[in-house]
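To start, the structure under review is shown below, and the notes come after it.
This is a predicted model, so every value here is computed, not measured. Within every chain, numbering begins at 1; the chains are lettered A, B, ... in the order of the sequence lines, protein sequences first and strands thereafter.
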Number of protein chains: 2
Amino acid sequence: MTPQNKKIPRMSLERLPIYYRTLCNLADDGYQRIKSAQLGKIIQIEPTTIRRDFSYFGDLGKSGYGYDIGHLIEIFGMILEVNETQGLALIGVGNLGRALLINNFRRNPNLEIITAYDADPAIIGETINDVIIQPLADLQADLSTKQIKGVISTVPSHALQLVVDYLVECGITSILSFAPEPVNVPESVHVRYLDLTTEVQNLLLLAELG
Amino acid sequence: MTPQNKKIPRMSLERLPIYYRTLCNLADDGYQRIKSAQLGKIIQIEPTTIRRDFSYFGDLGKSGYGYDIGHLIEIFGMILEVNETQGLALIGVGNLGRALLINNFRRNPNLEIITAYDADPAIIGETINDVIIQPLADLQADLSTKQIKGVISTVPSHALQLVVDYLVECGITSILSFAPEPVNVPESVHVRYLDLTTEVQNLLLLAELG
DNA sequence: TCATTTTTGTTAATCAAATCACATTTACAG
DNA sequence: CTGTAAATGTGATTTGATTAACAAAAATGA
Ligand SMILES: NC(=O)c1ccc[n+]([C@@H]2O[C@H](COP(=O)([O-])OP(=O)(O)OC[C@H]3O[C@@H](n4cnc5c(N)ncnc54)[C@H](O)[C@@H]3O)[C@@H](O)[C@H]2O)c1
Ligand SMILES: NC(=O)c1ccc[n+]([C@@H]2O[C@H](COP(=O)([O-])OP(=O)(O)OC[C@H]3O[C@@H](n4cnc5c(N)ncnc54)[C@H](O)[C@@H]3O)[C@@H](O)[C@H]2O)c1
């Protein structure tokens with residue numbers, strides 16, 4: 001079953017980065033093959049779920065043998081496009097944005113923040129990790145010279161809709177926001193939220209009840 | 001239907017913090033009532049999903065009228081225990097941990113990082129936002145004087161299992177980790193991951209395919 | 001080579017969540 | 001007070017994901 005033929009379930013796609021990372025770690029440790037049962041132990045996913053997930057990307061395994069780690073990495077890497085670096089823009093270089101920029105996905109060679117923007121004149125012009133902080137209005141122009149695949153926003157809630165409107169206008173279609181304010185965007189634009197407060201509240205709540 | 005009687009679906013609980021925050025914002029803006037349809041517009045959730053979620057917590061609405069915002073806030077606030085501050089410990093005060101500590105949930109009066117720990121002697125003793133950075137070994141003792149409801153870990157992947165083992169030993173049961181390394185813990189301990197890299201990869205992937 | 005064991009890939013069964021559809025309740029206008 | 005419009009709460013249905021069960025395929029060892 002090839003990817004093109006059938007729609008791959010959302011959840012299977014969501015797990016792909018986890019599979020990919022884990023397999024890379026295994027390869028680094030010198031392993032060459034893995035069975036769904038072993039992998040399941042490591043990442044706490046049922047082996048049968050893993051096998052079904054893998055099956056969406058082709059007949060990747062061999063009965064009585066398992067999966068070739070190198071082969072899986074190659075296939076999944078292709079889907080995740082790890083060979084070409086995915087350029088990202090960061091909007092809002094406050095405390096959180098700064099931490100992201102300093103780290104800049106150093107463990108993930110295929111993700112890279114290549115431009116950064118802020119509204120505060122006091123920090124515009126500053127360079128962090130080889131990236132110059134620019135006024136947001138420069139983004140439009142930067143797009144003509146740099147391949148920006150997505151945006152990470154760490155601006156405060158009250159500024160988010162404004163910023164996102166501008167991003168949409170510039171043609172950005174993938175946005176990850178650390179502020180949980182729900183924003184209005186056209187159908188074609190994907191917005192994800194990484195809502196720390198909700199995560200913590202859920203953690204405590206589920207410990208209490210669930 | 002009262003909360004005690006029936007098990008509340010996981011997803012309904014997960015949405016509770018979002019409902020709560022949104023309702024508080026509406027109250028701040030002077031609104032006193034809301035219909036499931038309006039609320040659904042704001043937070044992009046189907047009205048029927050909202051009504052069913054709410055129904056798990058009692059008969060909160062009135063036909064032909066909607067919901068009283070103050071009443072919802074009171075009920076949900078009670079479930080989320082917003083009246084007593086939930087004390088948190090932060091492990092790992094690097095770039096990311098520092099950003100969290102400086103912000104310290106200032107928009108959420110019921111969450112508060114009350115202690116912080118790190119392994120680096122160079123920063124132990126430093127005070128950020130009235131919290132002193134201590135060696136991790138001090139946590140055990142701190143637990144006898146302070147109510148710590150959960151832990152946020154921003155230590156690197158390679159240190160995570162070690163740190164978590166210690167936390168479990170101390171009796172901590174709720175952990176949020178920014179490092180995606182899967183850890184082994186007893187059944188009774190809840191670990192959540194907030195995996196930035198996976199979030200970004202999924203964002204780009206779903207924009208590409210889904 | 002052949003029997004045994006292992007492990008996959010997938011059909012069928014289960015489970016959980018979202019949505020539909022509508023009877024019931026309440027607000028409100030006249 | 002009464003009739004109409006509006007909105008809830010919930011059985012029934014649909015959708016989607018996970019898990020169980022197992023036949024088919026490949027490896028291994030005698
Ligand atoms: N840091 C945390 O612990 C934490 C916790 C929960 C949620 N958040 C969310 O993440 C956001 C960022 O957190 P932070 O601690 O980095 O805040 P911060 O105030 O340190 O940084 C915000 C940055 O955004 C910039 N900014 C404001 N408006 C802008 C605009 N229109 N265009 C470009 N840049 C703009 C500011 O100049 C500032 O540098 C918070 O507002 C919050 O919504 C953070
Ligand atoms: N910052 C990012 O953009 C980013 C992105 C993806 C994932 N992460 C994850 O978050 C983690 C933290 O990120 P960061 O940028 O703050 O890294 P960092 O290196 O700045 O901070 C890590 C901190 O943990 C402390 N530490 C190490 N071992 C410890 C131990 N055993 N006990 C107590 N403290 C210990 C270190 O002293 C340091 O202060 C990363 O390792 C990574 O797994 C971060």
Side-chain angles (χ1 to χ4, degrees), chain A residues 1-3 5-19 23 26 31-72 75-76 198 202 205-206 209-210, chain B residues 1-3 5-19 23 26 31-72 75-76 198 202 205-206 209-210:
Chain A
M1 191 176 296
T2 45
N5 296 348
K6 210 182 172 334
K7 212 180 115 255
I8 297 163
R10 175 191 199 72
M11 294 312 290
S12 300
L13 285 173
E14 297 255 343
R15 281 186 288 264
L16 209 46
I18 296 167
Y19 292 140
L23 291 164
L26 286 166
Y31 293 96
Q32 274 167 12
R33 54 149 126 171
I34 187 97
K35 304 177 257 223
S36 59
Q38 295 175 294
L39 184 56
K41 257 297 180 35
I42 299 172
I43 54 178
Q44 323 251 37
I45 294 177
E46 287 294 320
T48 182
T49 299
I50 292 173
R51 293 204 298 279
R52 183 172 299 281
D53 284 348
F54 286 9
S55 77
Y56 292 114
F57 303 104
D59 275 19
L60 306 179
K62 282 204 281 195
S63 303
Y65 173 93
Y67 299 86
D68 181 84
I69 291 178
H71 186 223
L72 289 180
I75 301 286
F76 297 166
T198 292
N202 277 327
L205 187 57
L206 295 185
L209 308 179
Chain B
M1 190 175 294
T2 44
N5 296 348
K6 210 182 172 333
K7 214 181 113 255
I8 296 163
R10 176 192 198 72
M11 293 314 289
S12 300
L13 285 174
E14 297 255 343
R15 281 186 288 266
L16 210 46
I18 296 167
Y19 292 139
L23 292 164
L26 287 166
Y31 293 95
Q32 274 167 12
R33 55 150 125 172
I34 186 98
K35 304 176 258 223
S36 60
Q38 296 176 295
L39 184 56
K41 259 292 180 41
I42 298 171
I43 55 179
Q44 323 252 36
I45 296 178
E46 287 293 322
T48 182
T49 299
I50 292 173
R51 292 204 299 277
R52 188 173 297 278
D53 283 348
F54 286 9
S55 78
Y56 292 114
F57 304 104
D59 275 20
L60 305 179
K62 283 204 280 196
S63 302
Y65 172 93
Y67 299 86
D68 181 86
I69 291 177
H71 186 223
L72 289 180
I75 301 286
F76 296 166
T198 292
N202 276 327
L205 187 56
L206 295 186
L209 307 179

[N] phosphate, OP1 or OP2: any side-chain N/O from [X] under 4.0 angstrom?
X        : N       : value
Thr49(B) : dT19(C) : yes
Lys62(A) : dA27(D) : yes
Lys35(B) : dA7(D)  : yes
Ser63(A) : dT6(C)  : no
Ser36(B) : dT8(D)  : yes
Arg51(B) : dA6(D)  : no

In whole angstrom, what separates [X]'s [atom1] from [N]'s [atom2]?
X        : N       : atom1 : atom2 : result
Phe57(B) : dG9(D)  : CZ    : P     : 13 Å
Glu14(A) : dG16(D) : CD    : P     : 15 Å
Leu60(A) : dA25(D) : CG    : P     : 18 Å
Asp59(A) : dA23(D) : CG    : P     : 19 Å
Arg15(A) : dG16(D) : CZ    : C1'   : 12 Å
Ile34(B) : dA7(D)  : CD1   : P     : 11 Å
Asp53(B) : dG9(D)  : CG    : P     : 12 Å
Tyr65(B) : dA29(C) : OH    : C1'   : 18 Å

Are [X] and [Y] close enough that some pair of their side-chain heavy atoms sits under 4.5 Å apart?
X        : Y         : result
Phe54(B) : Leu39(B)  : yes
Leu60(B) : Phe76(B)  : yes
Glu14(B) : Leu205(A) : no

_Working to the nearest 0.5 angstrom, can you tell me the gap between Ile34(B) CD1 and Asp68(B) CG?_
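Separation between the atoms: 11.5 Å.
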*Over all atoms of both residues, closest heavy-atom pair of Thr49(B) and Tyr19(B)*: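 Shortest heavy-atom contact: O-OH, 4.3 Å.
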*Quick one: on DNA chain D, does Phe54(B) or Arg33(A) contact a more 5' nucleotide (nearest heavy atom)?*
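Per heavy-atom nearest nucleotide, the more 5' residue is Phe54(B).
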*If you pin Gly64(A) and Ser12(A) to their nearest nucleotides in DNA chain D, which one's is more 5'?*
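The residue whose closest nucleotide sits nearer the 5' end is Ser12(A).
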*For Gln32(A), look at atom CD and say whether over 12 heavy atoms of other residues, nucleotides or ligands are found less than 6.0 Å away.*
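Counting other residues, nucleotides and ligands, CD of Gln32(A) stays at 12 neighbours or fewer.
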_Need one value for Arg10(A): base, sugar-phosphate or nothing, where a base atom within 4.0 Å counts as base even if backbone is also close, heavy atoms only._
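Counting heavy atoms under 4.0 Å across all strands, the contact made by Arg10(A) is with sugar-phosphate only.
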Heavy atoms from C-beta onward define the side chain here; which of [options] lies closest to that of [X]?
X        : options                   : answer
Glu46(A) : dA17(D), dA17(C), dT19(D) : dT19(D)
Thr48(A) : dT10(D), dT18(D), dT10(C) : dT10(C)
Tyr67(A) : dG9(C), dA21(C), dA26(D)  : dG9(C)

*asked:* Taking atom types as they are modelled, would you say the side chain of Arg52(A) forms a donor-acceptor pair with the base of dT10(C) within the 3.5 Å cutoff?
replied: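 Looking at the base of dT10(C), it does not pair with any donor or acceptor on the side chain of Arg52(A) (distance under 3.5 Å).
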